Amino acid sequence: MSTKPSILKGTRDFLPDTMVKRNYIFNTIQTVFQKFGFLPIETPCIEKTETLLGKYGEEGDRLIFRVMNQGESLKKADLKALEDGNIGRFSNSISDKALRYDLTVPFARFVVQNQNELSFPFKRYQIQPVWRGDRPARGRYREFYQCDADVVGSDSLIFEVELVQIFDEVLTRLGLPDFSIKINNRKILSGIAEVCGESENLIPITVAIDKLDKIGKGGVIEELKNRGISNEAIQKIDPLFELSGDNENKLNVLKDFLAESDTGLKGIEELEFVFDAINNLGLQKAKLELEVTLARGLNYYTGAIFEVVANNVNMGSICGGGRYDDLTALFGLKGMSGVGISFGADRIYDVMSELDLFPNELLRTTSYLFINFGEKEQMYCMGLANKLRAENISCEIYPESKAMKKQMKYANDRGIPNVVLIGSKEMEEGVVTIKDMTSGNQVTKSVEEFLKH
RNA sequence: GUGGUUGUAGCUCAGUUGGUUAGAGCGCCUGGUUGUGGUUCAGGAGGUCGUGGGUUCGAGACCCAUCUUCCACCCCA
């Protein structure tokens, strides 16, 4: 019995015309990463569960794809836990491995494990798929690629600046017409909570104010109330909702607001450094915006936080990133500050498709198709193809001497711009007939002239 | 995970208050005399109407379940 084949929800097959566009994105990102001195690594797609669990917050843990144990070890299943409804313990009893949820945590593990082989500050890039047991939606997949660049072993703020430059360079190269790099600092968020006397409620506060642009000021205040934040604190925060003007303005307001908080002021100082540097160096297409409401879900961030959105497109953030002071400490290596960014290639793809930003010539992977007229001609064409390929010109030979109509159609469907016709007549005379598939024009030239280009 | 929504040919969709052999456009295949694609003309193939139950003399249309699609929330790349 054959069933209709299908793939898992949230996963995708990529056809060639999609792949050439995806590769174009990956190559662009990789080129820029290399330009800034980042080195490539890879890590396994499957990790020990203990490596991943507890690094992404409660919601994150829930979305990690667990991989079941094999064979005999399944007998260790904790059926009692299952009966008690303790799904977590039951899962752990039948699974001790999981698919990676992002590239940052495995990277932290990698750094600790290989610390003696690395020289610091270590700058790595990594382009690999990650998996999330999320419900798929527009721009959200269960399997998708992340393109990460991180630096560990330095708390220098020049990396924050360089990472902003990388965002700018990559997305400008890809032709995005209008995008914003939003930046904030966890220390500012801590400072806000501190000034309000709600330090212990940092997470609920940030989650609530993160939604400002979605649910508006009223909605945020309500949410803060629901989360048990005191009225005095809410009143205190209030002016921040009205924060407007340019980045400098916002920083000045914040400076007053956070005057009592050393942590908060430190955050401002860090941001000022980044803004000053970027003002000096300039950006190509990106707008760099201070966004106090930017929080981001990942718990491990401690300093700068980044998020990039494409303007005028209905799509979540296309890139993210931030500084994490102590991620490697979780694996036993202290004092290793890190900062990194991630490009969501799949979402960038979706945005570029929507805005029609892919160059047309991407699909033209083959320049010449040799029409096949028979055994003798085929061999002769293979010789010419050899010479073209030696010059790095891509070409192919139709594999059978089928009806010319079929061969031409193949060239047409494949978007091959030139067809080479060499029948017995051309062979005898030492010439080739070349048809330009766009115009339909045909010219005949000598073999030498054809190979010269 | 919560609420709603969708499912008919490879694709986009029609299909009248349940009633014979389920349609269109595009795509695909074949041909318009054996060296010409894209355009044009003439033919053709292709659907157990998501799946499994149920109501009915009769279901693509109605009911239930399940899967799937899309949207919002949650969260996120």
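Side chains included, hydrogens not; waters and symmetry mates left out as well; all remaining heavy atoms used. Letters A, B, ... are given to chains in the order of the sequence lines, protein chains preceding strands, and every chain is numbered from 1. All values reported here derive from a predicted model rather than from experimental measurement.
The existence of a salt bridge linking A:Asp102 and A:Lys55 is excluded, since no basic side-chain nitrogen approaches an acidic carboxylate oxygen closer than 4.0 Å. Taking a cutoff of 4.0 Å between a charged side-chain nitrogen and a carboxylate oxygen, A:Glu47 and A:Lys97 do not qualify as a salt bridge.
Comparing B:rC76 with B:rA14, their P atoms sit 38 Å apart, to the nearest whole Å. Comparing B:rC29 with B:rA45, their P atoms sit 16 Å apart, to the nearest whole Å. Taking the P atom of each, B:rG37 and B:rC41 are spaced 16 Å apart, rounded to whole Å.
Toward the 5' end of RNA chain B, the nearer of the two residues A:Gly440 and A:Lys406, judged by each one's closest nucleotide, is A:Lys406. Annotation: of the two residues near RNA chain B, A:Thr438 and A:Ser424, the 5′-most nearest-nucleotide partner is A:Ser424.
With hydrogens and angles ignored, a donor-acceptor pair closer than 3.5 Å exists between the side chain of A:Arg347 and the base of B:rC76. Evaluation of atom-type donor-acceptor distances gives a pair under 3.5 Å for the side chain of A:Lys435 against the base of B:rG37. For A:Asn412 and B:rG38, a side-chain-to-base donor-acceptor distance below 3.5 Å is absent, hydrogens and geometry of angles not being considered. Applying the 3.5 Å distance criterion, the base of B:rG35 shares a donor-acceptor pair with the side chain of A:Glu426. Put simply, the side chain of A:Gln442 and the base of B:rU36 share a donor and an acceptor less than 3.5 Å apart.
When the nucleotides B:rC75, B:rC29, B:rC76 are ranked by their closest atom to the side chain of A:Leu63, B:rC75 comes out on top. Between B:rA77, B:rG37, B:rG35, one nucleotide has an atom nearer to the side chain of A:Met437 than all others, and that is B:rG37. In this structure, the nucleotide among B:rA77, B:rU36, B:rG35 sitting nearest to the side chain of A:Lys425 is B:rG35.
Partner of A:Lys406 under the side-chain contact (heavy atoms from CB on, under 4.5 Å) criterion, chosen from A:Met408, A:Lys402, A:Lys409, A:Met404: A:Lys402.
When the side-chain nitrogen and oxygen atoms of A:Lys405 are compared with OP1 and OP2 of B:rU34, none of them lie within a distance under 4.0 Å.
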Check against salt bridge (charged side-chain N to carboxylate O under 4.0 Å, His left out), A:Glu169 and A:Lys35: CA-CA 10 Å; A:Glu169 167 106 24; A:Lys35 227 166 72 165; 3.0 Å; yes
